[in-house]
Amino acid sequence: MEKKNIDWASLGFGYMETDYSFVANYKDGKWDEGTLTSDHTVTLNECACVFQYAQTCFEGLKAYTTEDGRIVTFRPDLNAERMEDSAKRLKMPVYPKEKFIEAVKKVVKANAAYVPPFGSGATLYIRPYMMGTNAVIGVKPATEYQFRILVTPVGPYFKGGVRPLTVRLSDLDRAAPHGTGHIKAGLNYAMSLYNIVDAHEQGYDENIYLDAATHTTIEETGGANVLFVTKDGGVCTPKSDSILPSITRRSLMVVARDYLGLDAQERVISKDELDSFAECGLCGTAAVISPVGKIVDHGREICFPAGMTEMGPVTKKLYETLTGIQMGRIEAPEGWIVEIK
Ligand SMILES: *Cc1c(COP(=O)(O)O)cnc(C)c1O
């Protein structure tokens with residue numbers, strides 16, 4: 001298969017139209033078969049539930065080329081399960097796990113020419129999403145839905161080398177206790193836009209949100225989980241019901257424990273113990289881990305020892321082991337790597 005003529009290394013994280021998307025529709029209580037489409041525009045009634053009441057959720061994963069030339073995705077079953085949780089919480093119909101994985105395979109295969117070659121650092125970003133499509137004006141769930149998957153090639157995250165981030169502890173909240181922080185709903189992002197633009201204007205790369213009830217414990221950023229390395233070389237990550245369960249973070253905890261033999265704990269982490277950590281990183285599909293060099297808490301600066309030019313040693317080991325597993329250099333746990341044939 002001939003690859004598209006794309007300068008992979010200079011791609012950013014942006015949208016580029018590819019040959020096909022996947023689309024399935026839900027009506028009269030059931031999903032249709034679903035199909036590939038070359039129509040990348042969605043036309044809906046002006047009163048569609050997604051427009052009026054933001055009834056929509058999404059997922060994010062990647063396909064990439066391994067060293068031995070296979071096209072693979074990483075743990076798509078967990079994306080399917082998380083989307084099931086999101087759909088249930090938003091009173092949307094579940095798109096069945098087996099069909100979700102089939103659809104991912106189908107749309108990646110159809111766009112194989114857009115899957116960046118091994119070594120380019122670029123990947124094919126896969127964005128499954130679902131929305132309420134029929135007109136509703138009273139506040140209630142839609143009765144008709146569309147499930148789609150778009151794919152778009154994206155560039156290497158650390159272009160020109162790693163740059164540790166400067167983040168602030170946020171005064172605004174992301175997710176209420178017993179709210180929707182644990183699901184991947186569009187609404188969680190709409191309300192974060194004000195705060196991320198403000199953070200950038202103030203010279204910060206990201207906001208770290210605190211628990212909304214007490215503002216004393218660490219939650220996560222707007223789009224990534226947080227992971228810390230303790231001074232004795234263990235790994236810990238915040239435990240909270242209002243955090244989005246990152247697949248990258250859950251995988252890194254397994255890597256820490258089973259591959260690197262580190263102590264790995266999920267526990268409540270107070271903002272007062274930030275000084276006691278040696279390293280900090282943000283985990284998500286896009287970057288795997290972005291190192292944090294500095295956290296600013298209203299004038300109190302927590303500077304991690306690795307500084308502002310490189311990843312800390314444990315973060316680096318975690319990063320290299322997980323990306324090694326993803327790229328086929330290191331043997332993966334059963335079921336983590338799903339080949340597209
Ligand atoms: C998607 C997302 C993450 C990262 O999850 P991954 O499965 O690792 O990509 C973390 N936090 C939030 C709020 C997210 O929406």
Side-chain angles (χ1 to χ4, degrees), residues 13 54 56-64 73-87 89-90 97 100-101 104 123-130 149-152 154 157 165 167 170 172-177 179-196 199 205-212 218-228 235 237-256 266 269 280-290 292 315 318-319 321-323 325-326 335-338:
F13 196 85
T56 178
C57 60
F58 66 99
E59 273 303 324
L61 67 161
K62 294 196 290 201
Y64 46 91
T73 59
F74 184 69
R75 309 188 79 179
D77 53 320
L78 297 190
N79 294 98
E81 287 170 11
R82 195 167 63 187
M83 196 163 191
E84 173 168 347
D85 294 340
S86 299
R89 181 65 177 76
L90 296 172
K97 180 166 152 180
F100 178 104
I101 296 169
V104 166
T123 54
L124 187 75
Y125 186 73
I126 306 168
R127 168 55 59 87
Y129 63 110
M130 197 199 295
I149 306 178
L150 69 84
V151 300
T152 192
V154 295
Y157 196 84
L165 307 177
V167 304
S170 172
L172 300 183
D173 297 324
R174 171 181 176 273
T180 55
H182 61 298
I183 60 165
K184 218 165 171 73
L187 55 92
N188 289 335
Y189 281 77
M191 64 89 223
S192 77
L193 298 176
Y194 176 90
N195 206 25
I196 191 63
D205 295 299
E206 277 293 345
N207 293 298
I208 288 185
Y209 290 96
L210 300 170
D211 75 293
I218 304 294
E219 295 251 300
E220 64 170 324
T221 70
N225 282 183
V226 188
L227 180 144
F228 296 100
V235 172
T237 186
K239 187 178 177 66
S240 160
D241 292 339
S242 44
I243 290 176
L244 195 280
S246 157
I247 294 163
T248 313
R249 185 258 303 163
R250 285 184 273 163
S251 303
L252 285 166
M253 296 302 271
V254 175
V255 165
E266 191 177 349
I269 296 174
C280 175
L282 306 181
C283 327
T285 293
V288 180
I289 315 183
S290 306
V292 173
T315 304
L318 287 167
Y319 176 82
T321 309
L322 186 56
T323 52
I325 289 169
Q326 292 178 329
W336 279 24
I337 304 296
V338 173

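Numbering of ligands and ligand atoms starts at 1, following listing order.
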Can you pull out the closest protein heavy atom to atom 2 (C) of ligand 1? Residue, atom name and distance to 0.1 Å, please.
Lys184 NZ, 2.6 Å
Mind listing the closest non-hydrogen atom pair of Ala87 and Cys57 along with its distance?
N-SG, 4.3 Å
For Asn225, take its heavy atoms, then give the atoms of ligand 1 lying under 4.0 Å from any of them.
10 (C), 11 (N)
Closest non-hydrogen protein atom to atom 15 (O) of ligand 1, residue and atom name please, with distance?
Tyr189 OH, 2.2 Å
Determine the sole option in His182, Glu219, Glu220 for which the side-chain hydrogen bond (donor to acceptor under 3.5 Å, both in side chains) test with Ser242 is passed.
Glu219
If every non-hydrogen atom of Pro238 is compared with every non-hydrogen atom of Val226, which pair is closest and at what distance?
CD-O, 3.2 Å
Out of Ser251, Ser242, Ser246, Pro245, the nearest non-hydrogen contact to atom 5 (O) of ligand 1 is supplied by Ser246
If the contact criterion is a heavy-atom separation under 4.0 Å, does Gly181 count as touching ligand 1?
no
Any non-hydrogen atom of Arg82 lying under 4.0 Å from ligand 1?
yes
Quick check: does Arg249 get an N/O under 3.5 Å from an N/O on ligand 1?
no
Counting from 1, what ligand 1 atoms have a heavy atom of Gly284 closer than 4.0 Å?
4 (C), 8 (O), 9 (O)
Please tell me if the side chains of Thr221 and Ser192 come closer than 4.5 Å, counting only heavy atoms from C-beta onward.
no
Nearest protein heavy-atom contact for atom 3 (C) of ligand 1: which residue, which atom, what distance?
Gly223 O, 3.3 Å
SB check Glu84 Lys97 (cutoff 4.0 Å):
no
Counting C-beta onward and ignoring hydrogens, is there a side-chain heavy-atom pair between Trp336 and Gln326 closer than 4.5 Å?
no
Applying a 4.0 Å heavy-atom criterion (strictly less than), which segment of Ala224 is in contact with ligand 1: side chain, backbone, both, or neither?
backbone
Between the side chains of Asn225 and Thr237, does any donor sit under 3.5 Å from an acceptor?
no
Who's the nearest protein heavy-atom neighbour of atom 13 (C) of ligand 1, and how far?
Arg174 NH2, 3.2 Å
Looking only at protein heavy atoms, which one is nearest to atom 9 (O) of ligand 1, and how far off is it?
Thr285 OG1, 2.6 Å
Please list, in number order, the atoms of ligand 1 under 4.0 Å from a heavy atom of Glu220.
10 (C), 11 (N), 12 (C), 13 (C)
Identify the heavy atoms of Ile243 and Arg249 that sit nearest to each other, and give their distance.
CG2-NH2, 4.5 Å
Ring centres of Phe13 and Tyr125 under 6.0 Å apart?
yes
Please indicate whether any nitrogen or oxygen in Ile247 is less than 3.5 Å from any nitrogen or oxygen in ligand 1.
yes
